[in-house]
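First listed ligand is number 1; within each ligand, the first listed atom is number 1. Atoms considered below: every heavy atom in the structure, side chains included; atoms not considered: hydrogens, waters and symmetry mates.
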Amino acid sequence: MSAVASTTGICTRRELLQLAAGGGLCAGALAGLGGPAVATSAATVAPRLRDLAAAGGRFYGAATGRRQLEADPDFARCFAAECGLLVPENELKWRALRPAPDQFDFSGADWLVAFARRQGLLVRGHTLVWHDALAPWLQTVRRARDAEQLLGAHIAAVVGRYAGQMHSWDVVNEVINPEDGRADGLRASFWQARLDSAYIELAFHQAAAADPAARLVLNETQIEYDDDASARRRDHLLALLQRLLAKGVPVHALGVQSHLVGHVASDFHALADFLDEVERLGLRLIVTELDVRDWELPAEPAARDAAVAAVYADYLAMMLPRPNLDGVVTWGLSDRYTWLSEYGARADGAPVRPLPFDHACQRKLAWSAISTALQTVANKTRT
Ligand code: 9MR
């Protein structure tokens with residue numbers, strides 16, 4: 001059974017669920033929740049997620065944006081204190097980087113990479129090839145030859161600019177979509193239409209040439225649950241990874257996005273079996289975009305937080321001890337800044353609470369769940 005523990009106590013998953021149903025708060029759940037790690041009094045500084053992760057040979061990090069860090073010093077302090085890695089949430093997408101066919105705008109990404117360097121954080125690059133957030137002018141590119149030239153030059157320029165500074169790159173993002181009806185399960189995207197599935201190999205080879213040190217990641221979504229749709233995606237994904245590796249394409253890791261839902265209970269056993277196969281292929285694993293959507297959970301914040309934390313606990317109990325896992329990234333750090341405010345809004349209009357820190361950048365039960373899972377791995381590493 002997974003549990004949310006801390007230095008002074010432990011809160012089992014059952015207690016979290018009782019809490020979600022309106023029960024009282026257990027002692028363990030409260031420990032470590034005194035606030036963000038930036039508190040100045042030594043007495044209130046609990047271990048930070050970045051240190052707990054490092055003690056177990058993992059990293060903990062989060063996605064963020066220049067505007068958040070620049071305009072909100074409290075948030076920036078909390079981010080730098082708690083995270084060991086930063087992912088630009090939008091600044092490295094084509095829409096941000098490519099205002100015109102012959103132009104690059106690196107201002108946002110450069111700012112974030114400089115922030116990370118000042119704070120001693122690793123950086124992950126996200127993302128070189130995606131069907132979404134494309135530059136609008138790309139739609140005028142029709143010929144395969146032009147698309148290939150553009151993609152190659154884009155990757156050479158972007159990956160080359162940050163060569164030696166990136167822990168890893170999401171080279172291709174969300175390329176599986178069986179709903180599009182292709183036999184190989186690949187998504188019918190802009191890139192697929194122009195270059196057929198060759199764009200995937202091309203992207204990995206180009207990225208490897210531009211930065212031989214970065215871990216090259218195939219990042220995928222909606223593969224986490226035990227339902228038929230996820231199972232189909234996992235089957236196509238495994239076949240794709242096998243094909244790429246058999247051809248010598250430099251894929252180093254699978255990114256498991258991990259956008260989870262609070263009202264669906266799971267022990268993630270189907271995902272675990274799939275990840276066993278992926279690890280047997282010799283690939284590393286990264287949890288790249290973890291958050292827990294709370295839109296169908298009760299309105300009362302304490303109950304909601306407990307249900308969200310139980311999902312974090314169950315998921316990370318399966319994920320974190322995996323031998324090939326590099327680390328965990330949450331898609332945002334504080335509920336103050338999350339894509340789910342827009343894309344996962346609640347019917348009752350209450351602000352969403354999917355992340356480890358609340359709107360005021362105070363630690364929540366989800367923080368305890370992550371910290372416990374990290375601590376468990378760190379303890380095993382020591383013994
Ligand atoms: O969180 C991101 C949001 O701010 C953007 O508007 C959106 C479109 O670019 O992308 C969101 O991030 C996505 C990530 O890049 C890929 N996986 C799904 C994420 C959530 O939609």
Side-chain angles (χ1 to χ4, degrees), residues 61-72 75 79 83 85-99 105 108-109 111-112 123-139 154-155 158 166-177 179 186-187 189-192 200 203 216-225 229-230 233 237 253-262 271 285-295 308 315 328-346 351-357:
T64 188
R66 174 184 183 173
R67 239 178 310 158
Q68 301 160 15
L69 294 174
E70 210 170 23
D72 189 343
F75 174 73
F79 193 98
C83 295
L85 175 145
L86 179 155
V87 184
E89 186 169 348
N90 291 306
E91 285 80 350
L92 285 166
K93 295 172 181 172
W94 279 72
R95 187 180 291 161
L97 279 180
R98 302 302 301 272
D105 177 359
W111 192 95
L112 287 169
V123 185
R124 301 197 64 242
H126 173 84
T127 173
L128 299 168
V129 185
W130 195 23
H131 63 277
D132 200 358
L134 291 169
W137 56 262
L138 264 178
Q139 297 306 330
H154 178 86
I155 294 176
V158 177
M166 289 288 180
H167 166 273
S168 47
W169 268 106
D170 290 336
V171 177
V172 300
N173 190 37
E174 304 175 4
V175 296
I176 300 289
N177 201 38
E179 290 76 10
L186 289 177
R187 181 184 294 276
S189 67
F190 169 86
W191 299 110
Q192 181 74 44
I200 299 177
L216 303 184
V217 181
L218 192 148
N219 198 37
E220 201 45 78
T221 188
Q222 293 178 53
I223 57 169
E224 293 81 9
Y225 282 99
S230 299
R233 301 176 93 86
L237 178 55
L254 173 67
V256 184
Q257 288 194 6
S258 317
H259 293 291
L260 305 179
V261 273
L271 177 61
L285 300 170
I286 306 178
V287 173
T288 49
E289 304 186 15
L290 178 60
D291 53 18
V292 179
R293 196 179 276 241
D294 68 352
W295 58 358
V308 164
Y315 190 67
V328 172
V329 177
T330 49
W331 206 241
L333 184 69
S334 146
D335 296 335
R336 202 185 288 181
Y337 304 112
T338 162
W339 71 293
L340 291 169
S341 297
E342 189 183 344
Y343 294 93
R346 292 172 55 86
V352 297
R353 303 177 65 85
L355 289 167
F357 285 77

Polar side-chain atom of [X] near backbone of [Y] as donor-acceptor pair, under 3.5 Å:
X: Glu89; Y: Gly65; value: no
X: Arg293; Y: His259; value: no
X: Asp294; Y: Arg353; value: yes

Which atoms from ligand 1 have a heavy atom of [X] less than 4.0 Å away?
X: Asn173; answer: 16 (C)
X: Ala133; answer: 9 (O)
X: Trp339; answer: 1 (O), 20 (C), 21 (O)

* Asked: Quick one: side chain to side chain donor-acceptor pair (under 3.5 Å) partners of Ser334, sequence neighbours excluded?
  -> none
* Asked: Does at least one non-hydrogen atom of Asn90 fall below 4.0 angstrom from an atom of ligand 1?
  -> yes
* Please confirm whether Arg95 comes under 4.0 Å of ligand 1, counting heavy atoms of the residue only. => no
* To do: Return the orientation label for the Trp94 and His154 ring planes: parallel under 30°, perpendicular over 60°, tilted otherwise.
  => parallel
* **For Ile176 against Leu186, the heavy-atom pair lying closest together** => CD1-CD2, 4.1 Å
Nearest heavy atom to [atom]: which of [options] does it belong to?
atom: atom 15 (O) of ligand 1; options: Gln257, Glu342, Glu174, His126; value: His126
atom: atom 6 (O) of ligand 1; options: Tyr343, Tyr337, Trp331; value: Tyr343
atom: atom 10 (O) of ligand 1; options: Glu289, His259, Lys93, Glu89; value: Lys93

